[in-house]
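Residue numbers count from 1 along this sequence.
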Amino acid sequence: MDYFTLNDGTKVPAIGFGTYKITEEKDMDLAVETALKAGYTYFDTAKFYENENLLGKYLKTYGKNREDYQIATKVWPNAYSADKAKESIDVSLKDLGVDYLDVALLHWYGDDFREAWKVLNDYKDQGIIKSIGVCNFSVNQMSELLKEGTVPVVDQLESHLHLQDKDTHQFLKENKILHQAWGPLAQGKSNLLKENVLDEIAKKYGKTPAQIALKWNIERGVMVLVKSSHEERIYENIDLFDFNLTDEDMNALASLDKKERYSANPEDKEWLEKAANM
């Protein structure tokens, strides 16, 4: 496993396990058991996913000590007032069955993000949250946040070979904020894994196109979050650390950038308003 060090000194693995849309007990049971066996130690959830209780239950089921894994969760924009943000964190702690969170994020930009950000800072000061950051914040939105004083440890963004978002990536790097990728395989919404360049490089290393796509992000300094309910794919996704891509490989893969999103744009005001009222 490779690791990244956050700007607060915390170490996180280069790959974490996402749990979006894993809401059935049998699926979460299989996913967590397999992920732990495969070597994942970072688990990403959110209040919006409505599965924190299941994740917490099955992390305990397989006998790991709390310090053996990291949990990240998120506060949804409809809970950005001070009282609601506190309630969101408290309920997450209860549902996950833990007395601290390794990482807590604001899920999207919202008008009241400053109130929720202050709550995250307060909980961090108390040691209840170890590290705080954001998810789906554009450069403009992040610039607003940085005026509040505390620098977030991560910005979790849709990031894959078809959406390389080089300007945002550079901005985060310059501000020592870890770029974290959700949907690093484009969520199956494109022909990404059928790209000839990916196939050629995969054959060169005896890997799959998915493994090459994930490794590309990691080698440019991005932590990836992968999600699957299939045992074979869970093992495949983490089998990334026995090879390295060359500069030639990285440049060839960079040519696949289409600047194309397959989910909501962080600056889509209509979407942000909808999210705030969900």
Side-chain angles (χ1 to χ4, degrees), residues 6 10 12-36 38-62 64 66-80 84-108 116 119-120 123-124 128-137 152-159 178 180-185 187 223-230 233-234 237-238 263-264 275 278:
L6 304 179
T10 301
V12 294
I15 186 168
F17 193 83
T19 61
Y20 180 50
K21 290 189 175 180
I22 304 180
T23 56
E24 298 293 330
E25 288 215 22
K26 60 181 176 59
D27 293 334
M28 185 67 82
D29 186 4
L30 172 64
V32 171
E33 180 183 21
T34 306
L36 290 171
Y40 294 85
T41 59
Y42 186 105
F43 293 85
D44 179 85
T45 184
K47 175 57 62 182
F48 184 73
Y49 299 171
E50 298 183 337
N51 63 8
E52 291 172 311
N53 60 328
L54 293 179
L55 177 59
K57 173 183 177 180
Y58 290 113
L59 283 172
K60 285 185 171 63
T61 294
Y62 295 104
K64 294 287 185 180
R66 178 64 183 90
E67 60 271 19
D68 292 335
Y69 56 85
Q70 296 168 301
I71 298 176
T73 194
K74 311 176 192 75
V75 179
W76 192 254
N78 67 357
Y80 280 2
K84 288 184 178 179
K86 290 175 184 177
E87 181 183 3
S88 179
I89 294 297
D90 291 345
V91 172
S92 289
L93 289 163
K94 180 180 178 181
D95 286 348
L96 287 162
V98 297
D99 55 10
Y100 71 90
L101 297 167
D102 296 281
V103 182
L105 311 175
L106 301 183
H107 207 147
W108 291 86
V119 170
L120 294 191
Y123 275 70
K124 185 177 187 294
I128 299 171
I129 299 172
K130 303 300 182 183
S131 300
I132 60 175
V134 296
C135 185
N136 303 307
F137 270 52
V153 296
V154 302
D155 189 3
Q156 186 185 125
L157 300 159
E158 178 186 356
S159 300
L178 180 65
Q180 198 176 64
W182 64 261
L185 301 177
Q187 311 164 72
M223 178 183 177
V224 295
L225 298 172
V226 293
K227 176 233 142 180
S228 180
S229 299
H230 301 287
R233 182 58 60 81
I234 292 170
N237 285 340
I238 201 173
S263 293
M278 280 182 179

Could you go step by step and tell me if K130 and Q70 meet the side-chain contact (heavy atoms from CB on, under 4.5 Å) rule?
CA-CA 10 Å; K130 303 300 182 183; Q70 296 168 301; over 6 Å; no
Taking side chain as C-beta onward, heavy atoms only, is H107 less than 4.5 Å from K47?
no
Does the W76 side chain pair with the main chain of A275, one donor and one acceptor, at a distance under 3.5 Å?
yes
Would you say N51's side chain and I22's backbone share a donor-acceptor pair under 3.5 angstrom?
yes
Report the C-alpha distance between F43 and L36 in whole Å, list the side-chain angles of each, state the deciding distance to 0.1 Å, and finish with yes or no for side-chain contact (heavy atoms from CB on, under 4.5 Å).
CA-CA 10 Å; F43 293 85; L36 290 171; 3.7 Å; yes
Nearest-0.5 Å distance that lies between atom NZ in K64 and atom CG in L59
10.5 Å
CA sep, side-chain torsions, deciding dist, call: L30, Y58, side-chain contact (heavy atoms from CB on, under 4.5 Å):
CA-CA 9 Å; L30 172 64; Y58 290 113; over 6 Å; no
Ignoring hydrogens, what is the shortest heavy-atom contact between G39 and I238? Give both atom names and the distance.
C-CD1, 3.7 Å
pair S263-W182: side-chain heavy atoms closer than 4.5 Å
yes
Would the number of heavy atoms belonging to other residues, nucleotides or ligands and lying under 6.0 Å from OH of Y20 be above 12?
no
Kindly give the heavy-atom pair with the smallest separation between Y42 and V12, and that separation in Å.
CE1-CG1, 3.9 Å
Given side chains that start at C-beta, do those of Y49 and K21 come closer than 4.5 Å, heavy atoms only?
no
Measure the spacing between OG of S88 and CZ of F48 and express it to the nearest 0.5 Å.
12.5 Å
Does the N136 side chain pair with the main chain of W108, one donor and one acceptor, at a distance under 3.5 Å?
no
Correct closest heavy-atom pair for L105 and Q156 would be CD1-NE2, 3.6 Å
Give a yes or no on whether a salt bridge exists between K227 and D44, defined as a side-chain N under 4.0 angstrom from a carboxylate O.
no
Would you sort out whether L54 and E25 count as a side-chain contact (heavy atoms from CB on, under 4.5 Å), showing the intermediate values?
CA-CA 7 Å; L54 293 179; E25 288 215 22; 3.5 Å; yes
Are more than 12 heavy atoms, taken from residues, nucleotides or ligands other than K94, located less than 6.0 Å from that residue's NZ atom?
no
Residues passing the salt bridge (Lys or Arg N to Asp or Glu O under 4.0 Å) test with E33, sequence neighbours excluded, are K37
Applying the side chain to side chain contact (heavy atoms under 4.5 Å, CB included) test to L55, which of T73, D95, T45 qualifies?
T45
What one should report as the nearest heavy-atom pair of F17 and S228 is CZ-O, 3.3 Å
Of all residues at least two apart in sequence or in a different chain, which pass the side-chain contact (heavy atoms from CB on, under 4.5 Å) check with A104?
I89, L101, L120, I129
Would you indicate whether the side-chain heavy atoms of L106 and Y80 approach each other to under 4.5 Å?
yes
side-chain hydrogen bond (donor to acceptor under 3.5 Å, both in side chains) against R66, all qualifying residues, sequence neighbours excluded
D102
Side chains of D90 and Y123 in contact at under 4.5 Å (non-hydrogen atoms)
yes
If the test is side chain to side chain contact (heavy atoms under 4.5 Å, CB included), which one of L96, L93, I71, T19 qualifies with E52?
L96
Would you find a donor on one side and an acceptor on the other, under 3.5 Å apart, between the side chain of Y40 and the backbone of I234?
yes
